[in-house]
Amino acid sequence: MAQHPSWRRIDGPVSVPTMPELPEVETVRRMLEASVIGRTIERVRLSGLRLRGVPHAPGLAAALRARTITTLRRHGKYLLIDLSGGHTIVSHLGMSGRWLFFPGPGSKRLDHVHVRLEFADGSRLWFQDPRRFGMFRLVPSDKLHEDPSLALLGPDPIADPPTGRGLAARARGLSVRAKLFLLDQRRIAGIGNIYASEILHRARVHPARPAGSIRPAEWTRIARETRAVLAEAIERMGTTFSTYRTLSNEPGSYGDQLRVYDRAGEPCRRCAAPVRRIVQGQRSTFYCAACQPLRATRRRRD
DNA sequence: ATCCTATCCTGTAGGC
DNA sequence: TGCCTACAGGATAGGA
């Protein structure tokens with residue numbers, strides 16, 4: 001995959017696109033990797049507000065201080081920031097979380113910043129999250145597998161690309177609907193509401209199909225489109241809606257590629273039938289009734 | 001096993 | 001122009 005220019009080291013204030021699903025978190029990971037590896041935390045300021053309804057652990061600031069960032073990893077939508085001394089920051093962007101990196105010293109007035117890390121050279125890394133659905137926790141690195149949020153996660157589809165055979169095996173006998181199957185982080189980690197609709201549209205599988213009724217050839221398409229959609233979205237630095245943009249940071253451009261998401265009533269890009277919106281699990285699903293029949297039909301080519 | 005609802009939150013868009 | 005309300009959704013707990 002071609003190295004995107006924005007993944008190089010950044011010289012201006014940096015933040016990253018949302019809405020955060022796997023491709024957006026991977027974009028964050030790559031951008032931070034280019035900026036913060038090897039930096040040592042000198043000062044820590046916390047907002048004191050709860051994230052995801054949970055207060056910061058006592059001693060969090062002290063535990064972060066004097067630690068050096070060694071590695072940035074990702075599993076699904078979780079970003080893992082390894083520190084010297086054997087601890088790892090487990091972070092999740094929730095709905096509105098953002099990481100911001102400022103290469104130089106200075107002060108900036110900004111609302112909803114919950115964690116401010118200042119490095120020895122004056123550069124700064126901030127975690128901002130207006131809606132506070134996000135997560136920022138420090139966990140012993142050797143206990144990550146016991147972490148309640150991480151322990152149950154399914155395979156990451158980038159590290160461990162799904163196959164039709166594998167998905168079909170996991171879906172055998174299940175009545176859960178296709179869209180909710182893809183959304184369930186215990187089955188596959190990283191697919192959110194936008195990409196679930198996109199994957200099923202490209203795979204031509206109706207979102208309300210019971211997972212156990214989906215045929216092997218259809219699972220093969222779902223697996224292939226999962227890999228393709230995620231790879232293309234990462235290439236384009238994710239999906240960004242118009243509200244989000246910063247000075248030196250391009251927004252993700254995958255939004256231009258969306259075929260059904262948020263396009264209710266607009267023509268399907270494949271067959272021009274109007275895109276439909278339904279609600280599954282209290283959230284919107286978008287699909288094309290013509291391209292994604294509710295009943296499996298015989299097709300010329302799969 | 002699965003479904004449903006509620007919870008946590010604020011910014012945005014729509015109606016009037 | 002401003003006020004009000006509905007809506008957006010990731011993870012998770014609890015009840016059916």
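Here is the naming used below: chain letters follow the sequence lines, and residue numbers restart at 1 for every chain.
- Hydrophobic clustering, with ILVMFWY side chains joined whenever heavy atoms are under 4.5 angstrom apart, keeps Leu72(A) apart from Leu80(A).
- Counted by atom type alone, Asp82(A) and Thr70(A) present zero donor-acceptor pairs between their side chains at under 3.5 Å.
- Under 4.0 angstrom from either OP1 or OP2 of dA8(C) there lies at least one side-chain N or O belonging to Ser284(A).
- In this structure, Asp129(A) does not pair ionically with Arg98(A), as no charged nitrogen and carboxylate oxygen lie closer than 4.0 Å.
- As judged by a 4.0 angstrom heavy-atom cut-off over every strand, Arg170(A) is placed among residues making no nucleic acid contact.
- Between His56(A) and Phe136(A), the ring planes lie perpendicular to each other; the angle is over 60°, past the 30° to 60° tilted range.
- A salt bridge links Glu232(A) with Arg202(A): at least one charged nitrogen is closer than 4.0 Å to a carboxylate oxygen.
- The side chain of Arg132(A) sits closest to dT10(B) out of dT2(B), dT10(B), dA8(C).
- Axis orientation changes by 50° from one end of the helix from dT2(B)-dA16(C) to dC16(B)-dG2(C) to the other, with each end axis drawn from 5 pairs and the value rounded to 10°.
- The distance from atom CG of Asp147(A) to atom C1' of dT12(C) is 13 Å, rounded to the nearest whole Å.
- As a whole-Å value, the separation of Asp184(A) CG from dA13(C) P is 14 Å.
- Closest to the Glu21(A) side chain, of the nucleotides dG10(C), dT12(C), dT2(B), is dG10(C).
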Open item on the list: side-chain contact (heavy atoms from CB on, under 4.5 Å), that's the test. Do Leu22(A) and Ile191(A) meet it? Break it down for me.
Closed with: CA-CA 6 Å; Leu22(A) 185 153; Ile191(A) 299 171; over 6 Å; no
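- In this structure, a donor-acceptor pair under 3.5 Å is absent between the side chains of Arg39(A) and Thr68(A).
- dT12(C) atom P lies 8 Å from atom CG of Leu152(A), rounded to whole Å.
- Separating the CG atom of Asp111(A) from the P atom of dC9(B) is a distance of 16 Å, rounded to the nearest angstrom.
- Nucleotide dC3(B) holds its P atom 13 Å from the NZ atom of Lys179(A), rounded to whole Å.
- Look at NE2 on His92(A): it is 15 Å from C1' on dC9(B), rounded to the nearest Å.
- Nearest to the side-chain atoms of Ser175(A) among the listed nucleotides dG11(B), dT2(B), dC9(B) stands dT2(B).
- Using a 4.0 Å heavy-atom criterion, one finds that Leu183(A) contacts no nucleic acid atom at all.
- Both thresholds, 5.5 Å between centres and 30° between ring planes, are not jointly met by Phe133(A) relative to the base of dA11(C), so the two rings are not stacked.
- Exactly one of Arg74(A), Arg236(A), Arg73(A) qualifies for a salt bridge (charged side-chain N to carboxylate O under 4.0 Å, His left out) with Glu26(A). That residue is Arg74(A).
- Atom pair Arg50(A):CZ and dA11(C):C1' shows a separation of 16 Å (rounding to whole Å applied).
- Nearest-nucleotide positions on DNA chain B place Arg186(A) closer to the 5' end than the other of Arg186(A) and Gln282(A).
- For Arg52(A), the listed nucleotide lying nearest its side chain is dA11(C); candidates were dC9(B), dA11(C), dA8(C).
- Not one side-chain nitrogen or oxygen of His112(A) sits closer than 4.0 Å to the OP1 or OP2 atom of dC9(B).
- Out of dC3(B), dA11(C), dG11(B), the shortest distance to the side chain of Pro130(A) is found at dG11(B).
- Distances from the side chain of Tyr78(A) to the nucleotides dA11(C), dG10(C), dT2(B) place dA11(C) closest.
- The side chain of Arg187(A) approaches dT2(B) more closely than any other nucleotide in the set dA11(C), dT10(B), dT2(B).
- Between the P atom of dA11(C) and the CG atom of Leu182(A) lies a distance of 14 Å, rounded to the nearest Å.
- Between Arg283(A) and Arg177(A), it is Arg177(A) whose nearest contact on DNA chain B lies nearer the 5' terminus.
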